[in-house]
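Presented below is the structure to which this report refers.
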Amino acid sequence: MLQFLQIFCTLLSSFLIALAIPNEFLHFGSPLIGLFSLFPFYIALSRSQSLKESFILCFVHGFFTHLFSSFWLGNFAGFAIFTLGASDFGTAFFEGFFALGFYFPVLFESKYEPLSHRSGKNHFSVPFKIFWFASVYTVWEYCKSTGFLAYPWGTISMTAYKWNTLTQIADITGVYGITFLFASFSAVLGEGTLLLSEISNSDSGKSLFSSYTKACLAILVLVFLSVFYGIDRLSQERYPTKIMNTILVQQNRNPNRREEEANILAAQKITQEKIDEITQDDEKLDLIVWSEAVLSKRFPAAETYYNYFPDENPLIKFIKKNHTPFVIGGPVVFNDENHEYGNSALLFDKNGKFHGSYTKMHLVPFAELIPLRQYERVRKIIKSMVGFSYGWTPGKKPVLFEIPLESKIEPEKPFDIISILPEKDKKKKDEPVKSVLISTPICFDDSAHEVCHALYNAGSEVFVNITNDSWSKTESAEIQHFVVAHYRSIEYRTTTIRSANAGYTCVIDPTGKILADLPLFEEGALSYHVPIYERKLTVYARYGDWLPYTLILLVFTYIFFAVLQKQKEEISLKSIPTTLLPHTIEWYELLERVMARYEEDFAIDWNRWNM
């Protein structure tokens with residue numbers, strides 16, 4: 001029967017994860033708490049007596065972890081019933097399904113396993129339980145973060161942000177290597193706690209202790225190697241090949257169709273102030289970035305409209321006057337008749353001409369991507385429930401923007417060149433126009449591994465994320481999004497810049513370090529010489545999520561052989577004659593064979609024990 005202590009441990013684990021992830025009290029979270037956060041959950045699951053109990057514990061863990069860490073989803077105007085309510089129950093049921101994975105070794109345990117374990121002959125049961133828990137939990141977080149229902153928040157990797165040395169392994173394993181290490185550490189602590197009484201009260205105590213110490217040593221070696229690798233990556237000198245002089249605008253206004261004019265004018269004011277400040281130093285700009293959804297009229301037809309809107313200072317004329325390319329968030333039309341519109345990043349050249357767009361590929365399920373929205377009846381129901389929006393249509397492919405670098409800012413080089421070439425020959429060498437290929441993942445896109453993987457492998461040299469998170473009204477939501485996004489810089493060893501309408505607007509270097517930022521929920525513009533580095537394919541960029549794939553393969557391999565072994569045992573048990581009467585010759589012969597097999601398999605080596 002499910003014990004109160006198991007429920008308490010599960011709730012404690014959910015609370016610790018929420019406290020370790022960036023939150024309203026610890027803005028950037030606590031990796032130390034994250035390291036211990038799964039320890040109570042491991043204890044609770046290990047005490048499960050049935051698959052039903054395991055399901056309840058996983059359901060509770062998923063429900064409250066999501067609720068405690070992502071409570072701000074309830075502020076998504078009109079969609080709270082989906083963004084928090086439906087997602088909370090969906091996450092809980094999804095983790096509940098993984099109860100089968102956590103409980104499987106017990107469900108299909110060999111009938112001889114408990115005897116083998118107690119006799120001290122099975123030296124691998126302890127490390128196996130630790131590895132199994134860490135593997136299944138890592139696979140759970142991968143499945144939670146991938147596909148249509150992907151939601152990579154509330155994950156263990158988010159707790160590790162402050163330990164920059166450890167997070168550097170993300171360029172090999174992605175975030176899942178960090179999850180595996182943290183889950184393994186909690187499992188080691190949990191298994192050690194469970195073994196305390198068993199080691200002291202069991203004849204096999206010495207063997208169990210030996211197995212446990214080997215498991216601890218293996219985890220320590222993995223942690224040591226990860227830290228050593230992180231130190232090496234952080235100490236490596238990196239020199240940019242190009243510099244992109246950029247302004248990132250944070251207007252601190254929630255995009256609203258009815259207030260579009262005021263929003264645009266506010267963004268123009270902030271931008272112009274920063275441009276005037278820069279031009280005083282005789283600098284040229286390469287790019288200006290406004291956040292997601294600043295514009296509400298649909299392109300390409302809206303280009304004419306913005307030649308005259310706002311009345312006070314038309315947008316296209318404003319861009320043309322400042323003679324700098326702009327990236328601005330706004331909608332595009334795919335099929336007006338079928339209400340197919342895309343949430344996009346719009347590219348304008350320095351003359352204000354609209355050149356094209358990238359459309360957000362990974363939409364928020366049930367808020368942006370609404371199933372069956374192509375049907376009129378469904379659209380009416382959605383509109384009656386939330387009062388606006390029919391959702392968006394996802395983009396179909398990666399799109400890169402090529403931005404000319406006119407600022408002529410040269411990156412610092414680790415060497416000097418002293419030339420005696422005539423000036424005219426020097427000018428010839430500078431004739432080719434430098435440019436940079438940028439990708440513009442929009443909001444949730446920067447958390448989607450498959451989207452950023454496609455953008456980077458298409459040739460992206462820098463991620464330029466535009467985001468609208470102001471609706472969350474909480475600092476924790478802004479920082480959580482940043483923490484998820486900053487891993488993209490580490491995974492691909494590239495620069496990421498974020499322009500968010502209320503934060504977190506910042507520039508992130510290839511090690512995940514913040515180079516410059518703006519305060520949350522404040523109006524402002526960030527000017528920065530963004531470093532662009534030579535593209536190099538990391539292990540993660542080349543092979544993607546190879547670690548969770550490997551763990552899935554290992555888990556299913558074990559399941560296959562466990563089921564096979566179970567079937568063999570059942571066949572063997574059925575072959576024993578049931579008609580033999582006690583104390584007959586046949587009965588004694590069968591007893592001798594069974595006892596001989598038992599002594600062979602489960603005999604204790606007392607000489608080894610007394611050493």
Side-chain angles (χ1 to χ4, degrees), residues 1-21 23 34 37-76 79-104 107 133-159 176 179 182-183 186 190 364-367 369-371 444 447 472 476-477 480 484 548 552 555:
M1 186 176 178
L2 200 61
Q3 300 294 318
F4 169 79
L5 186 59
Q6 287 174 275
I7 295 293
F8 173 78
C9 285
T10 302
L11 290 172
L12 177 61
S13 178
S14 296
F15 175 75
L16 289 175
I17 293 173
L19 192 60
I21 287 169
N23 56 78
S37 59
L38 292 176
F39 165 50
F41 188 48
Y42 183 90
I43 297 288
L45 281 177
S46 297
R47 295 299 190 191
S48 295
Q49 299 297 314
S50 67
L51 182 58
K52 180 181 176 182
E53 285 188 11
S54 186
F55 173 84
I56 293 171
L57 293 173
C58 288
F59 182 94
V60 170
H61 188 263
F63 185 92
F64 285 98
T65 299
H66 186 78
L67 182 65
F68 292 158
S69 62
S70 298
F71 64 92
W72 42 265
L73 285 171
N75 293 329
F76 201 111
F79 282 96
I81 189 173
F82 299 116
T83 52
L84 183 58
S87 67
D88 207 0
F89 279 98
T91 301
F93 275 108
F94 195 17
E95 186 167 347
F97 171 78
F98 273 79
L100 181 61
F102 288 116
Y103 194 71
F104 189 88
L107 195 63
F133 175 84
S135 298
V136 174
Y137 198 88
T138 303
V139 171
W140 146 243
E141 287 206 344
Y142 167 73
C143 294
K144 176 181 183 291
S145 306
T146 309
F148 170 71
L149 294 174
Y151 185 72
W153 271 250
T155 53
I156 295 299
S157 58
M158 290 177 65
T159 70
Y176 303 109
T179 298
F182 275 53
S186 284
V364 180
F366 302 108
L369 184 58
I370 300 173
F444 204 56
S447 69
S472 68
S476 59
Q480 284 179 24
V484 171
I552 290 170
V555 165

Of all heavy-atom pairs linking Leu73 and Ser87, the shortest is CD1-OG, 4.1 Å
Separation between CG (Leu45) and CZ (Arg47), nearest 0.5 Å, reads 12.0 Å
Residue set satisfying side chain to side chain contact (heavy atoms under 4.5 Å, CB included) with Phe15, at least two apart, ordered chain then number -> Leu19, Phe68
Student check: side-chain heavy atoms of Tyr103 and Ser48 closer than 4.5 Å = yes
Answer yes or no: is there a side-chain heavy-atom contact under 4.5 Å between Cys9 and Phe4?
-> no
Are any non-hydrogen side-chain atoms of Phe104 and Val136 less than 4.5 angstrom apart? no
In terms of heavy-atom contacts, Gly62 and Thr91 come closest through O-CG2, 3.9 Å
Closest non-hydrogen atoms of Ser186 and Ser37, given as atom of the first, atom of the second and distance, are OG-N, 3.9 Å
With sequence neighbours left out, the residues meeting side chain to side chain contact (heavy atoms under 4.5 Å, CB included) with Ser46 are Tyr42, Leu194
When rounded to the nearest 0.5 Å, the distance separating CG of Leu16 from CD1 of Ile21 is 11.0 Å
Note to self: Could you check whether Tyr151 and Ser447, counting side-chain N and O atoms only, form a donor-acceptor pair closer than 3.5 Å?
What the structure shows: no
Checklist line | Steps toward side chain to side chain contact (heavy atoms under 4.5 Å, CB included) verdict (Phe64, Asp88) | finding: CA-CA 8 Å; Phe64 285 98; Asp88 207 0; over 6 Å; no
Counting only N and O atoms by type, is there a donor-acceptor contact under 3.5 Å from the side chain of Lys144 to the main-chain atoms of Trp153? yes
Problem - Parallel, tilted or perpendicular: ring planes of Phe93 versus Phe55, cut at 30 and 60 degrees - result: tilted
Q. Are the side chain of Gln480 and the backbone N or O of Ser69 linked by a donor-acceptor pair below 3.5 Å?
A. yes
Where does the angle between the aromatic ring planes of Tyr137 and Phe102 fall among parallel (under 30°), tilted (30 to 60°) and perpendicular (over 60°)? tilted
**Asked** Are side-chain N/O atoms of Thr179 and Glu141 paired as donor and acceptor at under 3.5 Å?
**Response** yes
Scanning both residues in full, the closest heavy-atom pair of Ser13 with Leu38 reads OG-CA, 3.9 Å
Value for CD1 (Ile17) from CG (Asn23), rounded to nearest 0.5 Å, stands at 13.0 Å
Checking side chain to side chain contact (heavy atoms under 4.5 Å, CB included) for the pair Ile7/Leu57: CA distance, chi angles, key distance, verdict?
CA-CA 7 Å; Ile7 295 293; Leu57 293 173; 4.1 Å; yes
- Mind running side chain to side chain contact (heavy atoms under 4.5 Å, CB included) on Ser476 and Trp72 for me, showing each step along the way? CA-CA 8 Å; Ser476 59; Trp72 42 265; 3.9 Å; yes
| Full working for side chain to side chain contact (heavy atoms under 4.5 Å, CB included) between Val139 and Phe98 | CA-CA 9 Å; Val139 171; Phe98 273 79; 3.9 Å; yes
Q) Parallel, tilted or perpendicular: which describes the rings of Phe41 and His61, with under 30° parallel and over 60° perpendicular? A) parallel
- Message: Would you say the ring centers of Phe97 and Trp140 fall short of 6.0 Å from each other?
- Response: no
Distance col, row Ser54:OG vs Gln6:CD, nearest 0.5 angstrom, shows 9.5 Å
Closest non-hydrogen atoms of Thr159 and Ala20, given as atom of the first, atom of the second and distance, are CG2-CB, 3.5 Å
Nearest heavy-atom approach of Leu12 to Pro40 is CD2-CG, 3.9 Å
